[in-house]
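Each remark here refers to the structure printed beneath this line.
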Number of protein chains: 2
Amino acid sequence: MATIYQVSELAGVSLATVSRVMNGNTRVSEAKRTKVLEAMKELNYRPNSIAQSLASNCTNSVGLLVSELYGPFFGEMMSGVEGELRAAGKHVIVAAGHSDEASEKDAIEFLISRKCDALILHVDAVSDQYLLELNQSGTPVVVINRSIPGLMENCICLNNQLGGYLATKTLLEMGHRKVAYVSGPMWKTDVRDRVAGHRRALQEFDCVVPDSLFIEGDFHEEGGVKAMLQLLQQPEPFTAVVCANDEMACGVMNCARDNNLDVPGDLSVMGFDNVIMSRYTFPHLTTIDFPSGEMGRMAANWVRQHIYQDSKKPVQNLFEPTVVMRDSVRGLA
Amino acid sequence: MATIYQVSELAGVSLATVSRVMNGNTRVSEAKRTKVLEAMKELNYRPNSIAQSLASNCTNSVGLLVSELYGPFFGEMMSGVEGELRAAGKHVIVAAGHSDEASEKDAIEFLISRKCDALILHVDAVSDQYLLELNQSGTPVVVINRSIPGLMENCICLNNQLGGYLATKTLLEMGHRKVAYVSGPMWKTDVRDRVAGHRRALQEFDCVVPDSLFIEGDFHEEGGVKAMLQLLQQPEPFTAVVCANDEMACGVMNCARDNNLDVPGDLSVMGFDNVIMSRYTFPHLTTIDFPSGEMGRMAANWVRQHIYQDSKKPVQNLFEPTVVMRDSVRGLA
DNA sequence: TTGTATGCGTTATCAG
DNA sequence: CTGATAACGCATACAA
């Protein structure tokens, strides 16, 4: 692999001049510049970004930590991040946190030791305090889908409360009153926000539903099935069930069908996230859109603004969810 | 951030000794070793992996190039790669190639300039020749789902031919004879392999189907819908359709339902890939399992063997697909 | 505008 | 076993 030194020799200039034409920040005479360029081409020179990083103390790479590398939700998000960063000539180093504290911290250490210029995190096991210290300690951090007091500027959030509200309100407006709720794990902040929105909508419509119609799920399809089974076994009737994510909504719909319940004829089902799959289910799932791709892009944009100063697109910290009407919900006569 | 120099000073040893206890390859007296370890702890020292990379000419990072960052298929694969590599203390740098030649090459250049120790590629736009030269030129390459003459040792493949064969054979054995086929883009090698398997099964059963029952799709859900529409408009009757991937199978099923065709009552549908979603569709999709996660893990294992020499698990170059029976296929009386 | 010299934080090659 | 010292490839004050 050719080095800057060999290029300088072939071009008959100093090593510093070569460096200058590469970075393009200092003025170089046109004559020497073309000479250097030619030499580069001839030697098929490629800058060693490792050396560049060491010398400039900038790695041009940002760490991306997500809970899982698979799943439609994270896929869209990663795609957004990578697309935006790649366009700026930056690298993304990914790691998975598996929603486990030790694993998340480990991954973050991993990324830091790699000297990432910034970290984009989607974590839920690690504490707010930890993230605050992390950001203070030298590695800028932007957090997705989590609001951290004292670090709001670095958070890219979805208004989960509003999402939960919209989901339930939609059903309520269509005449449903007996609406069951299958939530995610309540230790997650976004889950609690969605539930709060749900409760607000209920309250607004003077609607009280018994506790037995509230089930804490696990965000997985099987969890949806289990929740539905539980719902079916308790005495309270219900005409609709709103789920805290699309996977569980799938489980609920499948379970309903297995129990000879027609969706949406006998039961309306509402999802959350608007995962790609939700367009393919039968019936097509009515859900709340979570713009994960856009939010990933925005997180990357944040980094471009604050770290690389190469973007002038304003940062949007809060995203608003919207209702996506499809076929799994029906109005009550 | 503390450096090795400060540690050496605090420990009262030379800088070289510190380096030695870090790497643990040379013997160091127990006394000095503990002194160094203590100093490290006190200074909260973390090695600068950039400097390590420059000095050792080993970045401990491998580039991973996939077509897209989203989608269940790549998600599973990436997850396999990251899990295996992370366990070995290696980093993975990801990029998306978008099945476009310029984009794929660009991404590869990107990864190379980052001095990845090896590249794991899932590409389909770039030529065999290019990959051969790439591998020769200093950056070891392992290719997923593509067999390259002269580079077979570096390829982790699925037996697509067998997969295509199994898909169609399954239907044939159940009595179907009028089986339509919705393929992927024919310029992709794996697509052609699947088609070849399909043809082989047909031949084996002395079954000839008219050309109008063969549609070239695009691997997307909409493509499945369009293909099904096309199938419906031509005169030849058919009792089953095998699709080159699950997404298109979803489209076919949805379109069938929209046209009052019961699946599998009136029409059997076979998918390919066994994407997570296929378990959630209605009816649950019968398909061919593509062990993308395992193959990703194996690609990573290849790298560990050949580049880092820290794995003794044997490399498996060829994976066999299997039939996953679910509810979208039914035998003909 | 251009060249020289030094530093970035480690590894690795020597002597001792 | 240990300690100087020279790479590694590039960026960048400083000087010219």
Side-chain angles (χ1 to χ4, degrees), chain A residues 1-37 39-40 43-61 89 91 112-117 138-139 308-309, chain B residues 1-37 39-40 43-61 89 91 109 112-117 138-139 308:
Chain A
M1 238 337 60
T3 73
I4 199 177
Y5 183 73
Q6 300 170 35
V7 172
S8 75
E9 202 169 30
L10 203 164
V13 300
S14 85
L15 160 168
T17 302
V18 177
S19 177
R20 287 182 184 113
V21 335
M22 286 184 52
N23 299 311
N25 41 17
T26 319
R27 296 218 53 79
V28 176
S29 73
E30 204 48 47
K32 301 212 169 191
R33 144 170 275 108
T34 54
K35 267 206 163 308
V36 169
L37 258 18
M40 284 191 187
L43 291 172
N44 190 28
Y45 169 78
R46 327 206 137 288
N48 180 330
S49 61
I50 296 296
Q52 288 179 317
S53 297
L54 186 60
S56 67
N57 196 32
C58 170
T59 61
N60 285 310
S61 68
H91 307 254
I112 290 180
S113 82
R114 205 54 175 113
K115 297 264 172 281
C116 290
D117 297 328
T139 309
Y308 301 120
Q309 283 92 27
Chain B
M1 223 12 26
T3 74
I4 199 177
Y5 183 74
Q6 301 170 36
V7 172
S8 76
E9 200 168 32
L10 204 165
V13 302
S14 84
L15 161 168
T17 302
V18 177
S19 177
R20 286 185 182 110
V21 337
M22 285 185 51
N23 298 310
N25 41 19
T26 319
R27 295 218 54 77
V28 176
S29 72
E30 204 47 47
K32 301 212 169 192
R33 143 171 275 106
T34 53
K35 265 205 164 310
V36 169
L37 257 20
M40 284 193 191
L43 292 172
N44 190 27
Y45 169 77
R46 324 205 141 288
N48 180 328
S49 61
I50 296 295
Q52 288 180 318
S53 296
L54 185 59
S56 67
N57 197 32
C58 170
T59 61
N60 285 311
S61 68
H91 308 254
E109 292 289 338
I112 290 180
S113 82
R114 202 67 178 92
K115 296 267 173 279
C116 291
D117 297 328
T139 308
Y308 301 120

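Heavy-atom neighbours of B/Lys115 NZ from other residues, nucleotides or ligands within 6.0 Å: above the threshold of 12.
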Contact list (N/O, under 3.5 angstrom) for nucleotides 3-6 of chain C vs protein:
unit_1: C/dG3; atom_1: OP1; unit_2: A/Lys32; atom_2: NZ; d: 3.3
unit_1: C/dG3; atom_1: OP2; unit_2: A/Ser14; atom_2: N; d: 3.0
unit_1: C/dG3; atom_1: OP2; unit_2: A/Ser14; atom_2: OG; d: 3.3
unit_1: C/dG3; atom_1: OP2; unit_2: A/Thr17; atom_2: OG1; d: 2.6
unit_1: C/dG3; atom_1: N7; unit_2: A/Arg20; atom_2: NH1; d: 3.1
unit_1: C/dG3; atom_1: N7; unit_2: A/Arg20; atom_2: NH2; d: 3.4
unit_1: C/dG3; atom_1: O6; unit_2: A/Arg20; atom_2: NH2; d: 2.3

Do any side-chain atoms of residues 44-53 of chain A form donor-acceptor pairs under 3.5 angstrom with protein atoms, and if so which ones, sequence neighbours left out?
unit_1: A/Arg46; atom_1: NE; unit_2: B/Glu109; atom_2: OE1; d: 3.1
unit_1: A/Arg46; atom_1: NH1; unit_2: B/Glu109; atom_2: OE1; d: 3.3
unit_1: A/Arg46; atom_1: NH2; unit_2: B/Glu109; atom_2: OE1; d: 3.1
unit_1: A/Asn48; atom_1: OD1; unit_2: A/Ile50; atom_2: N; d: 2.8
unit_1: A/Asn48; atom_1: OD1; unit_2: A/Ala51; atom_2: N; d: 3.2
unit_1: A/Ser49; atom_1: OG; unit_2: B/Ser113; atom_2: O; d: 2.6
unit_1: A/Ser53; atom_1: OG; unit_2: A/Ser49; atom_2: O; d: 2.7
unit_1: A/Ser53; atom_1: OG; unit_2: A/Cys58; atom_2: O; d: 3.4

Got a list of side-chain donor-acceptor pairs under 3.5 Å for residues 6-23 of chain A, not counting sequence neighbours?
unit_1: A/Ser8; atom_1: OG; unit_2: A/Tyr5; atom_2: O; d: 2.6
unit_1: A/Ser14; atom_1: OG; unit_2: A/Ala16; atom_2: N; d: 3.2
unit_1: A/Ser14; atom_1: OG; unit_2: A/Thr17; atom_2: N; d: 3.3
unit_1: A/Ser14; atom_1: OG; unit_2: A/Thr17; atom_2: OG1; d: 3.3
unit_1: A/Asn23; atom_1: ND2; unit_2: A/Ser19; atom_2: O; d: 3.1

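Atom CG in B/Leu43 sits about 14 Å away from atom P in C/dG9, given to the nearest Å. Rounded to whole Å, the distance from CZ on B/Arg46 to C1' on C/dC8 is 20 Å.
With sequence neighbours left out, the side-chain contact (heavy atoms from CB on, under 4.5 Å) criterion links A/Gln309 to no other residue.
Position along DNA chain C of the nearest nucleotide to A/Val28 versus B/Ser19 favours A/Val28 as the more 5'-ward residue.
In this structure, B/Lys32 NZ and B/Lys35 NZ are separated by 10.0 Å, a value rounded to the nearest 0.5 Å. In this structure, CG on A/Leu54 lies 5.5 Å from CG on B/Leu54, to the nearest 0.5 angstrom. For the atom pair NE2 (B/His91) and OG1 (B/Thr59), the distance works out to 8.5 Å, reported to the nearest 0.5 Å.
For DNA chain D, the contact window with chain B, defined by any atom under 4.0 Å from a protein heavy atom, covers D/dC1 to D/dG9 in 5' to 3' order.
Contacts with DNA chain C (heavy atom under 4.0 Å) in residues 47-60 of chain A: A/Leu54, A/Ala55, listed by number.
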